Number of protein chains: 2
Amino acid sequence: MKKTDIFKKLRSSGLRPTKQRVEIAKFLFDREKTFHFTVESLNKLLEKKTTSKFALATIYNTVHSFKNAGHLSEVEVKGNKTYFDTNVSNHHHFYDSETSQLIDIDAKEVVIQKIPKAPNGKKIKNVEVFINLKN
Amino acid sequence: MKKTDIFKKLRSSGLRPTKQRVEIAKFLFDREKTFHFTVESLNKLLEKKTTSKFALATIYNTVHSFKNAGHLSEVEVKGNKTYFDTNVSNHHHFYDSETSQLIDIDAKEVVIQKIPKAPNGKKIKNVEVFINLKN
DNA sequence: TTTCACTTTAGAATCATTATAAACTATTAC
DNA sequence: GTAATAGTTTATAATGATTCTAAAGTGAAA
Ligand SMILES: [Mn+2]
Ligand SMILES: [Mn+2]
Ligand SMILES: [Zn+2]
Ligand SMILES: [Zn+2]
């Protein structure tokens with residue numbers, strides 16, 4: 001991902017490209033594969049990868065701005081922490097509770113043959129498939 | 001549900017049938033349909049339905065005992081509160097984020113035609129389908 | 001009726017997250 | 001440039017859900 005793309009992500013999230021935000025954005029978006037993380041895990045990885053220190057509030061604020069701009073999505077996982085996902089397309093997940101690891105499943109990999117119709121007056125917004133793993 | 005069944009649920013959870021526990025168990029299990037709840041919502045409903053007061057710790061402890069015994073399951077819902085479910089069979093959910101309401105979907109109502117195989121060395125424990133609703 | 005294990009309870013502690021307000025930094029106005 | 005201004009980071013406090021703790025309550029068993 002080019003530097004200009006990082007800046008584009010920041011600008012489109014209403015964020016000016018400060019040192020901290022650029023480092024967070026690079027870390028999140030300059031990669032091949034999907035990245036699933038909690039604010040805590042992101043903080044630890046940032047500490048390792050960079051020389052800077054980040055206030056937790058800065059990470060929370062930046063991540064939320066990206067999420068509100070649609071550059072990050074949220075994944076529901078058992079437990080009390082919030083998981084974020086750099087894959088914002090419609091997709092599904094494997095979840096390995098042993099390692100607390102999420103693995104993406106492309107929407108095309110899951111075909112649903114039958115699904116009930118939505119209750120009175122409601123429509124289906126989207127369908128999420130969550131596959132729990134064991135050893 | 002008969003009183004003896006309530007007692008059976010309590011005993012099989014390692015709980016002696018005290019006044020509070022019996023009231024919680026009756027409220028949870030003596031009903032036709034599935035009940036989805038948070039500890040907070042359960043507490044409010046118990047206050048309305050009964051004359052007793054319940055310490056939050058008592059509700060937390062009792063609910064967790066039921067969950068550990070397999071009489072309650074946990075449902076992942078966006079947000080910070082933990083949702084419990086009196087339906088412990090394999091099933092799916094509609095979720096209406098407007099009203100924070102969960103609606104059960106029987107496992108038979110969903111047929112999945114294609115699913116990816118589990119990653120190296122892992123097996124599929126179960127598949128959960130979550131259908132988000134909109135108006 | 002005394003003992004003793006188990007319960008309930010109020011309140012404290014914890015943990016993730018959010019809010020606050022002061023110190024910093026960059027941008028704009030003169 | 002310097003001053004004013006707007007936006008940012010940060011440490012720390014506040015919050016809210018959940019868990020822990022320790023004291024008081026309850027009831028079965030000796
Ligand atoms: Mn969760
Ligand atoms: Mn949740
Ligand atoms: Zn994902
Ligand atoms: Zn359910």
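Throughout, protein chains are lettered first and strands after them, A, B, ... in sequence-line order, and every chain is numbered starting at 1. These numbers come from the heavy atoms of this one structure, side chains and all, not from hydrogens, waters or symmetry mates. A quick note: this is a predicted structure, and the numbers were derived from the prediction, not measured.
In this structure, Tyr60(B) atom OH and dG11(C) atom P are separated by 17 Å, rounded to whole Å. Protein atom CG of Leu10(B) is 14 Å distant from nucleotide atom C1' of dC6(C), rounded to whole Å. Atom-to-atom, NZ of Lys19(B) to C1' of dG25(D) comes out at 12 Å; the value is rounded to the nearest Å. Atoms NZ (Lys53(A)) and C1' (dA11(D)) sit 14 Å apart, rounded to a whole Å. Regarding Leu15(B), its CG atom lies at a distance of 15 Å from the C1' atom of dA5(C), rounded to whole Å. Glu40(B) has its CD atom 12 Å from the C1' atom of dT18(D), to the nearest Å. At whole-Å resolution of the value, CD in Glu23(B) and C1' in dT9(C) are 16 Å apart. Rounded to whole angstrom, the span from the CZ atom of Phe54(B) across to the P atom of dT7(C) amounts to 16 Å.
Using a 4.0 Å cut-off, some side-chain N or O of Thr82(B) falls inside it from OP1 or OP2 of dT18(D). In terms of phosphate contacts, His64(A) brings no side-chain nitrogen or oxygen within less than 4.0 Å of OP1 or OP2 of dT17(C). Within the 4.0 Å cut-off from OP1 or OP2 of dT9(C), at least one side-chain nitrogen or oxygen of Gln20(B) is found.
The side chain of Lys81(A) sits closest to dA16(C) out of dT8(D), dA16(C), dA17(D).
For Thr50(A) (side chain) and Glu47(A) (main-chain N/O), no donor-acceptor pair under 3.5 Å exists by modelled atom type.
For the pair Leu56(B) and Gly14(B), nearest-nucleotide mapping onto DNA chain C gives the more 5' position to Gly14(B). Summary of the strand contacts: Arg16(B) and Asn61(B) both lie near DNA chain D, and taking for each the nucleotide with the nearest heavy atom, the more 5' one is attributed to Asn61(B).
A donor-acceptor contact closer than 3.5 angstrom is absent between the side chains of Asp104(B) and His92(B). For the residue pair Asp85(A) / His93(A), a side-chain donor-acceptor distance below 3.5 Å is found, with atom types taken as modelled.
Thr58(A) comes within contact range of at least one nucleobase, with a heavy-atom separation under 4.0 Å. Looking at heavy-atom distances under 4.0 Å, Thr38(B) makes no contact with the nucleic acid at all.
Checking each of Lys122(B), Lys125(B), Lys123(B) against Asp96(A) for a salt bridge (Lys or Arg N to Asp or Glu O under 4.0 Å) leaves exactly one that passes, namely Lys122(B).
The aromatic rings of Phe37(A) and Phe35(A) lie parallel to each other, their planes meeting at an angle below 30°, with 60° marking the opposite boundary.
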